[in-house]
Undergrad: 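Once you've had a glance at the structure underneath, I'll fire off some questions.
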Amino acid sequence: MEVEHSAPCNKRPLVMIHALHVTVVTIHALHMTVVMIHALHVTMVMTMVMIHALHVTVVMIHALHVTVVMIHALHVTVVMIHALHVTMVMIHALHVTVVMIHALHVTVVMIHALHVTVVMIHALHVTMVMIHALHVTVVMIHALRVMVVMIHALHVTVVMIHALHVTVVMIHALHVTVIMNHAIQTTVVMIHALHVTVARVESTQRRRHKNGTREVDTDGVMAG
């Protein structure tokens with residue numbers, strides 16, 4: 001009978017040790033679960049940080065693209081202004097060529113008239129007088145043509161002055177745009193400085209309020 005009662009008593013320490021082992025294993029499994037959850041949380045945080053960094057990179061690339069587009073637009077404007085200048089120069093050169101051809105034509109006409117005059121001088125004195133009148137008429141027509149050419153040159157000058165005035169107006173508009181941009185930036189800086197000042201004042205007031213509360217508590221304790 002003593003042997004039968006002693007056998008269960010010997011198994012109890014083993015059962016308790018086994019239960020303690022199971023408890024340790026369970027705690028270890030729970031700890032590993034917590035570690036895995038923490039690793040998953042760290043992975044999610046790192047993923048969010050990388051996504052945010054990628055977003056910032058995309059925004060910076062977009063800003064760079066906008067800058068390149070604006071520079072390209074400025075380049076196109078300069079090229080168009082240069083093309084307009086080249087066109088004006090070519091038109092002026094064409095006008096000078098036409099004037100020179102006209103002067104050559106007038107010279108040829110005058111030489112031909114002189115030749116006819118010489119031939120007619122040898123014929124009749126009346127013809128010589130009529131040639132003289134014709135010569136005066138040609139000179140007056142030539143003077144009229146010269147006046148027309150000068151009026152046309154004056155017109156071209158007025159057009160160029162108008163173009164210069166338009167250019168000055170455009171430069172003034174660009175200057176006003178730059179001034180407005182600077183004013184906006186200055187306003188933003190002043191608003192930021194005002195925001196910082198308000199934050200400092202609020203922080204100072206909170207500190208003063210906290211210090212005042214502490215002095216009241218200290219006075220109460222001392223009075224007690």
Undergrad: Rounded to the nearest 0.5 Å, what separation is found between the OG1 atom of T197 and the CZ atom of R200?
TA: 6.5 Å
Undergrad: Indicate yes or no for a side-chain donor-acceptor contact from S203 to the backbone of A199 under 3.5 Å, with no hydrogens or angles considered.
TA: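 Absent.
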Undergrad: Return a table of donor-acceptor pairs under 3.5 angstrom between the side chains of residues 155-168 and protein atoms on other chains or two or more places apart.
TA:
residue	atom	partner	partner atom	Å
T157	OG1	A153	O	2.8
T167	OG1	A163	O	2.9

Undergrad: Got a donor-acceptor contact below 3.5 angstrom from the N181 side chain to the T177 backbone?
TA: no
Undergrad: Starting from M180, walk the hydrophobic network (Ile, Leu, Val, Met, Phe, Trp, Tyr; side-chain heavy atoms closer than 4.5 Å) and list everyone else you reach, by chain and number.
TA: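 When side chains under 4.5 Å apart are linked, the cluster holding M180 also contains V176.
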Undergrad: To the nearest 0.5 angstrom, please state how far the CE atom of M32 sits from the CG atom of L30.
TA: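 If we round to the nearest 0.5 Å, M32:CE and L30:CG are 11.5 Å apart.
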